[in-house]
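These notes are about the structure you will find just below.
Both ligands and their constituent atoms are indexed starting at 1 by order of listing.
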Amino acid sequence: MSHLQRREKERLMREAGRLPNGQSLTEKFPVLTYGPTPKFNPATWDLRVFGAVKSERRWTWAEFLELPTQQMTVDIHCVTRWSKFDTTWEGVMFRDFLRELELTDEARFVIAHCDYGYTTNLTLEAMDDDDVMLATKYEDRWLHEPELIEHGGPLRTVVPKRYFWKSAKFLRALEFSPVDKPGFWEAGAYHNEGDPFKEERFNRRGF
Ligand SMILES: Nc1nc2c(c(=O)[nH]1)N[C@H]1C(S)=C(S)[C@@H](COP(=O)(O)O)O[C@H]1N2
Ligand SMILES: [Mo]
């Protein structure tokens, strides 16, 4: 795509309400990870759910693959100012996953815990949306394949209505919490909500 073609597509996407202010279009798929990429071992990998649930749960990789999956095509927006349109993901819709659980009345926030300690927080309301996914595949290929693993294999959240730092790669646990727990970036300079269409990039400490 030439420079002019990109400018034209950006203009059209902005008019269509799909390109937030301060973003430009990328056709690449940049990798942004703080720290190393964990090794995936299907024999020892698990996903845990803990906190404000009636009983804590654990899925092995084989058990997780039994859950019903869907595909979705969404736009993603990184706070470092790139947006990528029409990315296709496959996995378990978070809403379907919630049906596997019994939350207590206190559950208000969802904290995603990843390998090597990365965390990110959202309200249960933001997570309980029809486009939030626990994704195992990108463009029909497993995220744990060597070419894709840096993008979060074997499992990541995809939260299209938030900046992409809220989409937790190498996901290993979901904590349901009565109180908010600012994550890795949110505890620093990044905004707690991170809505790209409101340009919620930084918090007060970040100015
Ligand atoms: N576990 C983990 N998840 C993470 C990150 C990280 O460093 N570790 N970086 C976040 C940031 S800042 C972005 S922009 C996206 C990048 O996803 P990508 O590498 O697939 O583009 O992942 C998010 N999820
Ligand atoms: Mo990011």
Side-chain angles (χ1 to χ4, degrees), residues 19-41 44-49 61 64 71-92 94 109-122 126-127 131-175 181-203 205-206:
L19 183 64
N21 284 334
Q23 298 291 112
S24 56
L25 158 67
T26 183
E27 294 188 307
K28 302 191 213 96
F29 194 0
V31 173
L32 284 132
T33 310
Y34 187 84
T37 295
K39 293 250 179 328
F40 170 51
N41 179 349
T44 55
W45 183 94
D46 64 359
L47 178 71
R48 287 192 313 123
V49 167
W61 180 241
F64 191 81
Q71 259 203 0
M72 66 174 185
T73 300
V74 295
D75 303 336
I76 54 185
H77 311 285
C78 178
V79 73
T80 61
R81 298 185 181 273
W82 55 264
S83 292
K84 190 170 171 63
F85 296 111
D86 299 311
T87 62
T88 298
W89 303 86
E90 191 174 313
V92 179
F94 189 72
F109 299 91
V110 184
I111 321 301
H113 294 260
C114 309
D115 274 322
Y116 295 127
Y118 185 92
T119 58
T120 185
N121 58 309
L122 278 170
M127 288 292 284
D131 60 358
V132 174
M133 182 183 272
L134 304 177
T136 49
K137 286 187 182 178
Y138 173 75
E139 310 290 349
D140 283 325
R141 285 160 65 202
W142 291 102
L143 281 176
H144 60 71
E145 286 178 23
E147 300 74 28
L148 282 174
I149 192 148
E150 291 174 308
H151 291 292
L155 185 69
R156 78 178 298 167
T157 62
V158 178
V159 188
K161 292 195 182 82
R162 295 292 183 268
Y163 284 119
F164 210 33
W165 89 76
K166 294 280 192 184
S167 292
K169 305 196 286 188
F170 322 116
L171 181 72
R172 293 299 301 278
L174 291 162
E175 175 185 0
K181 297 185 180 177
F184 178 84
W185 290 115
E186 294 86 354
Y190 284 3
H191 197 280
N192 205 47
E193 265 69 52
D195 181 340
F197 287 95
K198 296 181 187 158
E199 273 206 78
E200 292 173 335
R201 297 173 188 277
F202 303 109
N203 58 38
R205 292 183 298 280

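Aromatic pair Tyr138/Phe29: centroids less than 6.0 angstrom apart.
In summary, the side chains of Asn192 and Glu200 do not present any donor paired with an acceptor at a separation below 3.5 Å, with no hydrogens or angles considered. When only modelled atom types and interatomic distance are considered, His113 and Thr119 share no side-chain donor-acceptor pair under 3.5 Å.
In terms of protein heavy atoms, atom 21 (O) of ligand 1 is closest to Pro30 O, 2.6 Å. Among all protein heavy atoms, the one lying closest to atom 9 (N) of ligand 1 is Leu32 O, 3.1 Å. Remark: minimum distance from atom 24 (N) of ligand 1 to any protein heavy atom is reached at Ser167 O, 2.9 Å. The single protein non-hydrogen atom nearest to atom 11 (C) of ligand 1 is Trp165 CA, 3.5 Å, given as residue, atom name and distance. Annotation: atom 3 (N) of ligand 1 to nearest protein heavy atom, Lys169 N, 3.0 Å. In this structure, atom 22 (O) of ligand 1 lies nearest to the protein heavy atom Arg156 NH2, 3.4 Å. Among protein heavy atoms, the minimum distance from atom 14 (S) of ligand 1 is reached at Cys78 SG, 3.3 Å. If you check which protein heavy atom lies closest to atom 10 (C) of ligand 1, you get Tyr118 OH, 3.4 Å.
With respect to Arg172 and Asp46, a salt bridge is recorded, a charged nitrogen being found less than 4.0 Å from a carboxylate O. The pair Lys166-Glu186 meets the salt-bridge criterion, since a charged nitrogen lies less than 4.0 angstrom from a carboxylate oxygen. In summary, Lys181 and Glu175 engage in a salt bridge, as defined by a charged side-chain N under 4.0 Å from a carboxylate O.
Applying the 6.0 Å contact sphere to OH of Tyr116 captures more than 12 heavy atoms from other residues, nucleotides or ligands.
The distance criterion of under 3.5 Å between nitrogen or oxygen atoms is not met by Thr33 with respect to ligand 1.
Interface of Phe170 with ligand 1, defined as ligand atoms under 4.0 Å from a residue heavy atom, comprises 1 (N). Short contacts between ligand 1 and Cys114, defined as distances under 4.0 Å to a heavy atom of the residue, involve ligand atoms 1 (N). Near Tyr34, meaning under 4.0 Å from any of its heavy atoms, are these atoms of ligand 1: 6 (C), 7 (O).
For Glu145, the side chain to side chain donor-acceptor pair (under 3.5 Å) test picks out Arg141, with sequence neighbours left out.
Residue contacts with ligand 1 do not include Lys166, since none of its heavy atoms lies under 4.0 Å from the ligand. Residue contacts with ligand 1 include Trp185, since one or more of its heavy atoms lies under 4.0 Å from the ligand. At least one heavy atom of Phe29 sits less than 4.0 Å from an atom of ligand 1.
Nearest heavy atoms, Trp45 versus Pro154: NE1-CG, 3.4 Å. Closest approach of Val31 and Lys169 over heavy atoms only: CG1-NZ, 4.1 Å.
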